[in-house]
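Down below is the structure, laid out as C-alpha cells.
One is the number of the first residue; the rest follow in order along the sequence. Side-chain atoms are counted along with the backbone in the values below, which use heavy atoms only and exclude waters and symmetry mates.
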Amino acid sequence: MGKRVHIIERNTLSDKFFNLSEIRFDYQQENGGWIQNTWEVLDRGNAAAALVFNKKRQTVLMVKQFRLPAYLNGDTTGFLLEVPAGIVDKNDLSPKKAMQREILEETGFDIPKLKQVYNAYATPGGSTERFACFVGEYTDDMKTEKGGGLITENEDIEVVEVPFAEVINDLQNGNIVDAKTIILLQYALIHNLLPCKN
C-alpha cells in the first residue's frame with residue numbers, strides 16, 4: 001500500500017496540545033490512475049481505555065465528566081458516562097502502564113492485572129489516534145487513592161460504580177454514547193465477563 005501513497009507536502013495548522021496538519025498527497029486508485037488529495041489530519045497520539053469490573057458485586061467502575069465537544073455537538077449537559085481512559089504519552093513504557101496510571105488517577109484504584117482485548121482507531125477518517133482497549137477486575141482492597149482526576153489538568157471526574165445490568169440497559173437505550181465505552185461493554189457481553197439479567 002505504501003507504493004500507492006506519496007506524501008507531497010505537510011503543513012502544520014496548529015501544534016498546541018495536539019498537532020493538526022494539512023497533508024497533500026498523491027494516491028493511486030485500484031484502476032492504476034493517480035489522484036491528488038488534501039486532508040486535514042489530527043495527530044492526538046495514542047490512547048488507552050479499560051472496562052474495570054467486580055465479579056462478586058456484578059458492577060463496573062465508570063467515570064462521569066464534562067466533554068466540551070459533546071456539548072458543542074448538542075449533548076444537553078456535556079457530561080458523559082465513560083470507562084476510564086487516557087493518552088499514552090511518550091514517557092509511558094506501554095499502553096498497559098499508561099492505562100494503570102489513568103485508572104489510578106481517575107478512580108483511585110490500583111489495578112495490577114489488565115488484559116488487552118482490542119486495538120482500534122477512534123476516528124480514522126481524520127485522526128491518527130488508536131485506542132488500546134483493556135479489561136480488568138477490581139476489588140475494594142485495590143482502592144489506594146481518592147481518584148477524581150488531576151487538579152493540574154483541570155479534571156473534575158465523578159467516579160460511579162454501576163451495576164452491570166444497569167449500564168447494559170443504558171447502552172441498549174442509547175444513553176451510553178462514548179464509542180470506546182460501547183466497544184468495551186459489548187466485549188463484556190460477548191465474552192460473558194459478568195452476568196446480565198435485565
Side-chain angles (χ1 to χ4, degrees), residues 1-30 33-51 62-107 114 116-134 147-159 174-185:
M1 183 62 189
K3 293 180 180 178
R4 293 176 59 184
V5 178
H6 297 148
I7 305 296
I8 301 168
E9 185 179 25
R10 182 188 300 255
N11 294 312
T12 299
L13 303 177
S14 175
D15 61 356
K16 294 180 180 176
F17 192 68
F18 300 120
N19 190 288
L20 179 63
S21 299
E22 182 182 72
I23 300 174
R24 193 160 54 92
F25 64 99
D26 285 334
Y27 172 77
Q28 187 179 32
Q29 297 177 304
E30 194 65 37
W34 287 85
I35 58 170
Q36 191 172 102
N37 212 332
T38 302
W39 281 7
E40 288 183 8
V41 175
L42 180 65
D43 185 356
R44 290 178 46 93
N46 291 324
L51 179 69
M62 307 285 282
V63 294
K64 188 180 259 189
Q65 58 188 315
F66 178 71
R67 298 299 200 181
L68 179 62
Y71 179 76
L72 294 174
N73 196 31
D75 190 89
T76 309
T77 66
F79 282 90
L80 302 186
L81 192 63
E82 308 173 29
V83 293
I87 294 170
V88 178
D89 64 42
K90 294 173 184 167
N91 298 321
D92 288 313
L93 298 175
S94 67
K96 180 180 175 182
K97 291 289 184 190
M99 192 65 253
Q100 288 170 317
R101 181 198 68 231
E102 290 294 331
I103 293 170
L104 185 61
E105 289 175 3
E106 293 186 3
T107 71
L114 288 174
Q116 187 168 349
V117 295
Y118 289 127
N119 260 318
Y121 285 98
T123 50
S127 173
T128 60
E129 182 180 46
R130 185 173 57 201
F131 268 93
C133 295
F134 296 88
L150 297 178
I151 295 173
T152 56
E153 295 181 6
N154 296 321
E155 291 181 319
D156 180 26
I157 296 171
E158 178 187 354
V159 183
N175 296 325
I176 304 289
V177 294
D178 173 66
K180 62 188 178 294
T181 303
I182 293 169
I183 289 168
L184 282 165
L185 289 173

Of all heavy-atom pairs between Phe25 and Val5, which one has the smallest distance, and what is that distance? CD1-CG1, 4.3 Å

Evaluation steps, side-chain contact (heavy atoms from CB on, under 4.5 Å), between Leu81 and Asn175: CA-CA 9 Å; Leu81 192 63; Asn175 296 325; over 6 Å; no

Residues which pass salt bridge (Lys or Arg N to Asp or Glu O under 4.0 Å) with Arg67, listed by chain and number, not counting sequence neighbours: Glu82

If you draw a 6.0 Å radius around OH in Tyr71, do more than 12 non-hydrogen atoms from other residues or ligands fall strictly inside? no

Show every donor-acceptor pair shorter than 3.5 Å between a side-chain atom in residues 33-40 and any protein atom, with sequence neighbours excluded, or say none if there are none.
unit_1 : atom_1 : unit_2 : atom_2 : d
Gln36  : OE1    : Arg24  : NH1    : 3.3
Gln36  : NE2    : Asp26  : OD1    : 3.2

CD-CZ distance between Glu106 and Arg101, expressed to the nearest 0.5 angstrom: 10.0 Å

Table please: side-chain donor-acceptor pairs of residues 125-132 below 3.5 Å, with sequence neighbours left out.
unit_1 : atom_1 : unit_2 : atom_2 : d
Ser127 : OG     : Leu42  : O      : 3.4
Ser127 : OG     : Glu129 : N      : 3.1
Thr128 : OG1    : Asp43  : OD1    : 3.0
Glu129 : OE1    : Arg44  : NE     : 3.2
Glu129 : OE2    : Arg44  : NE     : 3.1
Glu129 : OE2    : Arg44  : NH2    : 3.3

Which heavy atom in Val88 sits nearest to a heavy atom in Ala47, and how many Å separate them? CG2-C, 3.7 Å

Tyr121 atom OH, neighbour heavy-atom count above 12 within 6.0 Å: no

Side-chain touch Glu102/Val63, heavy atoms, less than 4.5 angstrom: no

Should Val83 and Phe134 count as side-chain neighbours, where that means a heavy-atom distance under 4.5 Å? no

Got Arg10 and Ser21 here, is their nearest side-chain heavy-atom distance under 4.5 Å? yes

Among Val41, Thr12, Leu13, find the one that has a side chain to side chain contact (heavy atoms under 4.5 Å, CB included) with Glu22. Leu13

Closest contact, heavy atoms only, Pro95 versus Ala48: O-CB, 4.0 Å

Can Leu114 and Ile103 be said to form a side-chain contact (heavy atoms from CB on, under 4.5 Å), step by step? CA-CA 11 Å; Leu114 288 174; Ile103 293 170; 4.1 Å; yes

Out of curiosity, Lys64 NZ to Ile157 CD1, how far, rounded to the nearest 0.5 Å? 13.5 Å

Let's go through Thr181 and Ile183 carefully: what are the C-alpha distance in whole Å and the side-chain angles of both, what is the deciding distance for side-chain contact (heavy atoms from CB on, under 4.5 Å) to 0.1 Å, and is it a yes or a no? CA-CA 5 Å; Thr181 303; Ile183 289 168; over 6 Å; no

So do the side chains of Pro84 and Met99 get within less than 4.5 Å of each other, counting heavy atoms only? yes

When every non-hydrogen atom of Cys133 is compared with those of Leu184, the smallest separation belongs to CB-CD2, 3.8 Å

